[in-house]
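In what follows, a single structure is set out as structure tokens and then discussed.
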Amino acid sequence: MSNLSYIAQNHGPWSTYLEQIERVTPYLEHLKGYIDTLKRPKRALIVDVPIVMDDGTIQHFEGYRVQHNLSRGPGKGGIRYHPDVDLNEVMALSAWMTIKTAVLNLPFGGAKGGVRVDPRKLSPRELERITRRYTSEISHIIGPQKDIPAPDVGTNPNVMGWIMDTYSSGQGHTVTGVVTGKPIHLGGSLGRIKATGRGVFVTGREVAEKIKLPLKGAKIAVQGFGNVGSEAAYLFAESQSLIVAIQDHTGTIFNPEGIDLAELKIYFETNQGVAGFEGAEMISDEDFWNVEIDILIPAALEGQITIERAQKLTAKLVLEGANGPTYPEADDILIQRGVTVVPDVICNAGGVTVSYFEWVQDMSSYFWSEEEINQRLDKLMVQAINDVWHTSNEKICSLRTAAFILGCERILKARMERGIFPG
Ligand code: GLU
């Protein structure tokens, strides 16, 4: 690995985010005095989460909740359970939430939480205990008007239900609006589970049309077959695209004729992974990046598109379903090579957009139909991607920088208009 790529790829996601802020700074001359507010989180909490394991031993886990920016409203962002979670990662993820909510013009700031744990190694009871203890430790900084968690990698609606219940127990009454992504009968919203994948599809569809890439017959590779990757794959397959490669934590499968997703779904449910699926051949994880494709959907973790992978990628369009999948120097290579990248801060914003709808529904105790939710989601995402596209043409910059210009302007204007206390 070259020295440059070593530097870019070994300082964690927070340095990727800081580099993205450096790149947008020349476009924000008029708000220059306020830029530093984006370079540090407003508040970061690290908590010890001790739980009694099923075998009677006590184990300690490290938990975090970072509120990056609250200038435009309460903090908003998911909670990640993963063995690699650390402060650097949670800070970056919280900052990307700040930008994301601003790009979509949702009335929220950005926050993120996480616990450094492998949820696959926990029993259901241990998962519940860790969730309840973690919630109790962060309960003084969350709330429907303060900071509203949601699902992320390794968490799901059940976990959100326990968060809601634990927080509510402390308040003495049910507070559904403290968390989004809840089960439907606990104040959750229809359409929330599929919303992130749907948003990836909607933004991808719009940009594919702009760059004249027909979806029919387009070859697509998807990294990650969780909530985001699988739903995006289904929607593209409905538009007659071919899903030719899928990678998850169990391995990489490839079928140049297109993988049968209905069959894969059945296989996935019993095997908890794509490896070994009979309707495709297994290839090495690194070969995933060499496959002949039109569209790449990274929908797993950050730091996947390295300089080396960007150099050999055959895709014309990259849809960032994951947060932070592309290193800044890899971004440069993709730009040079004429690859269009729809950045995470808009591409995967469908989830937080329907989270916003869930929060609004909880506040009014009035629930909308799935059709209405999907229509509103489509409308907001189309509007946002058109604004980003227009800004990128006007300023002659990448879609990422354009999204950051729009988002950062909204955040910094709010900061400026509020003023700096105590003045
Ligand atoms: N974790 C998701 C994200 O990264 C959703 C956040 C939310 O719904 O608040 O955007």
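Indexing begins at 1, ligand by ligand and atom by atom, following the structure's order. FYI, the numbering just counts along the sequence from 1.
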Which ligand 1 atoms, with their elements, are less than 4.0 angstrom from a heavy-atom of [X]?
| X | value |
| --- | --- |
| M97 | 3 (C), 4 (O), 6 (C), 10 (O) |
| G77 | 9 (O) |
| G78 | 1 (N), 6 (C) |
| K112 | 1 (N), 3 (C), 4 (O) |
| G351 | 8 (O) |

In the protein, what heavy atom is nearest to [atom], and what distance, to one decimal place, separates them?
| atom | answer |
| --- | --- |
| atom 3 (C) of ligand 1 | K100 NZ, 3.3 Å |
| atom 7 (C) of ligand 1 | A150 CB, 3.3 Å |
| atom 9 (O) of ligand 1 | K76 NZ, 2.8 Å |
| atom 8 (O) of ligand 1 | S355 OG, 2.6 Å |
| atom 5 (C) of ligand 1 | R192 NH2, 3.5 Å |

Taking side chain as C-beta onward, heavy atoms only, is [X] less than 4.5 Å from [Y]?
| X | Y | result |
| --- | --- | --- |
| I373 | F367 | no |
| W389 | T203 | no |
| L213 | I295 | yes |
| V339 | K316 | no |
| K39 | I21 | yes |

Please check whether T180 reaches ligand 1 - meaning an N/O of the residue sits under 3.5 Å from an N/O of the ligand, judged on distance alone.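 No; the residue has no nitrogen or oxygen that sits under 3.5 Å from a nitrogen or oxygen of the ligand.
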
Under the side chain to side chain donor-acceptor pair (under 3.5 Å) test against T252, which residue among E286, Q247, Q223 passes?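 Going through E286, Q247, Q223 one by one, the side chain to side chain donor-acceptor pair (under 3.5 Å) with T252 is satisfied by Q247 alone.
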
Is the count of non-hydrogen atoms from other residues, nucleotides or ligands lying under 6.0 Å from K379 atom NZ greater than 12?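 No, NZ of K379 has 12 or fewer neighbouring heavy atoms, counting only those of other groups under 6.0 Å.
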
Heavy-atom pairs closer than 4.0 Å: do any link ligand 1 to the side chain of [X], the backbone, both, or neither?
| X | result |
| --- | --- |
| L93 | neither |
| E358 | neither |
| M160 | neither |
| P151 | backbone |

Kindly assign one of parallel, tilted or perpendicular to the pair W368 and F357, based on the angle between their ring planes and the thresholds 30° and 60°.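 Because their plane-to-plane angle lies in the 30° to 60° range, the rings of W368 and F357 count as tilted.
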
If we count only N and O atoms by modelled type, under 3.5 Å, do the side chains of K100 and N348 hold a donor and an acceptor together?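 Yes, side-chain donor-acceptor contact under 3.5 Å.
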
Check D332 with R337, please: is the shortest side-chain N to carboxylate O separation under 4.0 Å?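 Looking at D332 together with R337, the answer is no, because their closest N to O distance does not fall below 4.0 Å.
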
